[in-house]
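Reading through the structure tokens given below for one structure.
Numbers restart at 1 for each chain; the letters A, B, ... are given by sequence-line order, proteins then strands. Below, each value reflects all heavy atoms present in this structure, side chains not excepted, and no hydrogens, waters or symmetry copies.
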Number of protein chains: 2
Amino acid sequence: MTALAMHEDHQTMRANPAGTGLDLVTLAPGVVAHGTVAPIAREAAVFVQEDPVTHIYKVVSGAVRVTRLLEDGRRHIVAFYFAGELFGLEAGDTHQFSAEAVVASRIAFVRRSAVATEAENSDSAIWAVWRLMAKELARAQDHALVLGRLSAAERVGAFLRDMAVRTGCNNSIDLPMSRIDIADYLGLTIETVSRTLTQMERSGAIRFSGARHIDFQTARPLARVA
Amino acid sequence: MTALAMHEDHQTMRANPAGTGLDLVTLAPGVVAHGTVAPIAREAAVFVQEDPVTHIYKVVSGAVRVTRLLEDGRRHIVAFYFAGELFGLEAGDTHQFSAEAVVASRIAFVRRSAVATEAENSDSAIWAVWRLMAKELARAQDHALVLGRLSAAERVGAFLRDMAVRTGCNNSIDLPMSRIDIADYLGLTIETVSRTLTQMERSGAIRFSGARHIDFQTARPLARVA
DNA sequence: CGGCATATTGAAAGGAGTCAAGCTGTGTGG
DNA sequence: CCACACAGCTTGACTCCTTTCAATATGCCG
């Protein structure tokens, strides 16, 4: 049982105060499906590995991480998703990953079958799904490059740059995730992430206000790779 | 100019000795498009990074690697493709990768636009492309896990197992690619790949006949991870 | 203003990388 | 058919980056 399922009844009500039906969730510009919005508590699961794939999800607010766990406890973070981004699209019928809220978030979700129906009837929906898939593929391939060929400092730099790009603000970022999350995403340890960040601050490239807010010092930009 | 383009005229002839038209290339069971088959020499490029995306390709025989090069010369291998597998599917209009033949190969290719046309007219074609994309995505995500969280020995083990699965023969494999290729695929150096392989042989898990042929010793299976 | 999770820092160990020889074996020419 | 040569692979010694283990500091939340 996922956290989302537990919230569903409650949230269907909240998302539809007048009881008039379901929300319309925008999957892509012009592509809309009937769905629901639910709040997910910090660290709560949206779905877990092995669950049947039932919905497609969209982050309304907050942040979600998609993870994979090895038998021996090692954890790998496949991706982070932020407001406006879709996740949970998988080809098979059971989830290969888990998804959890990094911070208290609001998640919209539509039945996978509703998306399939939409796609049957509309070319634009099919291409929207296709484009989403292509974007995920490119992201995963970039991630593999980062993990396979970049040093710790380069990985952290790439991560900060990606965060800046995706939040749209290019002179400061607020990290919603912990150092452990960053480490598991970058294939490093929290100590290495922390040390690298400290070193970047000492070198003058970035400046911290608390452990989660970073200002980029334009005078000394982060070394860029890839 | 790609090696493929250089071969194209010559090969169109060879693939169509009677001059009756183009070959039919099977993109997926039941999904067929007009295409051509060309031989590609060992180490020759099928397409290179920055080229416009014009075709979709299928390995008829041989093996292809898809690579990415960093400015400083570091190389990352995104994937290997073997007989029967499709590659070159990218969302954008310019290739983000290069593709080269690992050994002398025969490559079938169809115009991307022909696939798009096929997809317009046929539901099964759309889903074939979608499934291909989904498979690539899963592969890339698995690759990221390997690169991010597995030790050198585990990476090499995962690689050998993957090769065995994909060639269908599960007690021996013939590696078409060099140690450098393996290293660039696994995010290691050739020395580490070589040492790991030697160690596996010494431990009795595998047995070499020449540097490229491996027999799996069923008595002591490779440790399995992920 | 505590108290606990999160983050930083230090010291030591270890795994993979680097540099440098050798070795194999495959293909070619005598 | 053998010998040589070159590319590819292996092995060794040493270095270095990242991890590990351990302690201390920070800062957020009640």
Roughly, in whole Å, what's the span from [atom1] in [X] to [atom2] in [N]?
{"X": "A:His213", "N": "C:dT6", "atom1": "NE2", "atom2": "C1'", "value": "19 Å"}
{"X": "B:Arg202", "N": "D:dT10", "atom1": "CZ", "atom2": "P", "value": "11 Å"}
{"X": "A:Arg155", "N": "D:dC17", "atom1": "CZ", "atom2": "P", "value": "14 Å"}
{"X": "A:Glu43", "N": "D:dC29", "atom1": "CD", "atom2": "P", "value": "13 Å"}
{"X": "A:Asp184", "N": "D:dT19", "atom1": "CG", "atom2": "P", "value": "11 Å"}
{"X": "A:Arg195", "N": "C:dA11", "atom1": "CZ", "atom2": "P", "value": "11 Å"}
{"X": "A:Glu201", "N": "D:dT26", "atom1": "CD", "atom2": "C1'", "value": "13 Å"}
{"X": "A:Leu186", "N": "D:dT18", "atom1": "CG", "atom2": "P", "value": "12 Å"}

Query raised in the report: Got B:Lys58 and B:Leu27 here, is their nearest side-chain heavy-atom distance under 4.5 Å?
Result: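 When only atoms from C-beta onward are counted, B:Leu27 and B:Lys58 do not touch, as no gap falls below 4.5 Å.
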
Requested in this report: Return the nearest nucleotide to the side chain of A:Glu191; candidates are C:dT9, C:dA16, D:dT11.
Outcome: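 So the nucleotide nearest the side chain must be C:dT9.
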
Query raised in the report: Going by atom types alone, do A:Glu90 and A:His95 pair a side-chain donor with an acceptor below 3.5 Å?
Result: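 Side chains of A:Glu90 and A:His95: pair found under 3.5 Å.
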
Query raised in the report: Any side-chain donor paired with an acceptor under 3.5 Å for B:Gln199 and B:Thr196?
Result: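 B:Thr196 and B:Gln199 do not have a side-chain donor-acceptor pair below 3.5 Å.
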
Do any N or O atoms of the protein come closer than 3.5 Å to N or O atoms of nucleotides 4-9 of chain D, and which pairs are they?
residue : atom : partner  : partner atom : Å
D:dC9   : OP1  : B:Arg212 : NE           : 2.7
D:dC9   : OP1  : B:Arg212 : NH2          : 2.9
D:dC9   : OP2  : B:Arg179 : N            : 3.1

Query raised in the report: When rounded to the nearest 0.5 angstrom, what is the spacing between OH in B:Tyr81 and CD1 in B:Ile107?
Result: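 Taking OH in B:Tyr81 and CD1 in B:Ile107, the distance rounds to 12.0 Å.
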
Query raised in the report: Taking only N and O in the side chain of B:Thr189, is any of them less than 4.0 Å away from OP1 or OP2 of C:dG17?
Result: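 Yes, because at least one side-chain N or O of B:Thr189 sits under 4.0 Å from OP1 or OP2 of C:dG17.
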
Query raised in the report: Which is true for B:Leu197 with a 4.0 Å heavy-atom rule: it touches a base, it touches only sugar-phosphate, or it touches nothing?
Result: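 The answer is nothing, as B:Leu197 stays clear of every strand by at least 4.0 Å.
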
Report task. Report which part of the nucleic acid A:Thr192 touches: base, sugar-phosphate, or nothing (heavy-atom distance under 4.0 Å, all strands). Result ->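 The residue A:Thr192 makes base contact.
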
**Report entry** Ring center gap for A:Phe47 and A:Tyr57 short of 6.0 angstrom
**Finding:**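 Ring centroids of A:Phe47 and A:Tyr57 are less than 6.0 Å from each other.
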
Query raised in the report: Do the two ring centres, one from B:His143 and one from B:Tyr185, sit under 6.0 Å apart?
Result: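 Centroid separation for B:His143 and B:Tyr185: below 6.0 Å.
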
Query raised in the report: Parallel under 30°, tilted from 30 to 60°, perpendicular over 60°: which one fits the rings of B:Phe80 and B:Phe82?
Result: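 The arrangement is parallel - the two ring planes meet at less than 30°.
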
